[in-house]
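Here's the structure we're looking at; comments come further down.
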Amino acid sequence: MATKKITINNTSYPIKFGYGAIRILGIYLKQASYDETVKEVNRMLEILATAEKEGKQIPFDISDGLGYVVKAGLEFANPDAEDFDVDELCQAYLLDLEILKTTFEAFMDAMPKPKAPVEPVGKRKAQAKPRVKKK
C-alpha cells in the first residue's frame, strides 16, 4: 500500500487506500459492503471517463462522491489530521485534476490483484506421461 501525496490549498497531504479507507468510503457513500463500495467507485469512474471523453465538466451526481473518495483516502493516511471538508475537496480537484488522478492511482494500487490461475491437480495428473517399466 504505497502512500502518494496530493496538494490542497498549498498543503501537501499523504493519501492512501486499503481496507480501512474503503470501509470509511462505504460509510460516506452509504454502501453496505466492500464490493458494493468498489462497484460504486467504478460507476463514478465510468461517468467521469465519459464526461472527459465528451469534453464536459464533472457531473454533479458524482462530484460529491469523488470528493468522498478523496476524503476517505486522506483520512486513512492522516487519522489525526483536521476534518477535510468535502466542498473544499471538490473545489480543489476542480482546480487541479491531478488530485483526482493521484487519488485514483492510489485507489487502484490498493485493489487486490488477481492471482495467476492454478491448474487443478486432477488435470495435471491426467496430462502426465505414464511411466513405462523397462524389462
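- Linking ILVMFWY side-chain heavy atoms closer than 4.5 Å, directly or via other members, places M111 and V70 in a single hydrophobic cluster.
- Considering all non-hydrogen atoms of both residues, L66 and I58 come closest at CD1-CG2, 3.7 Å.
- Taking each heavy atom of I99 and T7 in turn, the nearest pair found is CD1-O, 3.4 Å.
- How far CG of D87 is from OG of S63: 9.0 Å, rounded to the nearest 0.5 Å.
- Under the 4.5 Å side-chain contact rule for hydrophobic residues, V69 and Y34 share a cluster.
- Taking each heavy atom of K5 and S12 in turn, the nearest pair found is CD-OG, 3.4 Å.
- Summarising the geometry, atom OG1 belonging to T37 is positioned 11.5 Å from atom CD1 belonging to I24; distances are rounded to the nearest 0.5 Å.
- In summary, E46 and R43 do not engage in a salt bridge, as defined by a charged side-chain N under 4.0 Å from a carboxylate O.
- We find that K101 and E98 are joined by a salt bridge, their nearest charged nitrogen and carboxylate oxygen being less than 4.0 Å apart.
- With hydrophobic clusters built from ILVMFWY side chains whose heavy atoms lie under 4.5 angstrom apart, I6 does not share a cluster with L95.
- Shortest non-hydrogen contact noted between G67 and L89 is O-CD1, 3.8 Å.
- Once rounded to the nearest 0.5 Å, the distance linking CG of L48 with CD of Q57 reads 10.5 Å.
- The shortest non-hydrogen separation linking T11 to Y13 is O-CD1, 3.4 Å.
- Separation of atoms CZ (F17) and CE (M108) is listed at 11.5 Å; rounding is to 0.5 Å.
- If you take CG on L45 and CD1 on I62, they are separated by 8.0 Å, rounding to the nearest 0.5 Å.
- Residues T3 and P14 share a closest heavy-atom pair of CG2-CB, 3.4 Å.
- Qualifying ring-ring contact (aromatic ring centres under 6.0 Å, His included) partners for Y93, counting only residues two or more places apart in sequence or in other chains: none.
- Distance check, rounded to the nearest 0.5 Å: CZ of F76 to OH of Y19 gives 11.0 Å.
- Listed by first and then second residue, the side chain to side chain donor-acceptor pair (under 3.5 Å) pairs that reach into residues 67-77 are Y28-E75, K71-D83, sequence neighbours excluded.
- Counted within 6.0 Å of CD on E105, heavy atoms from surrounding residues, nucleotides or ligands total more than 12; the atom is thus considered enclosed.
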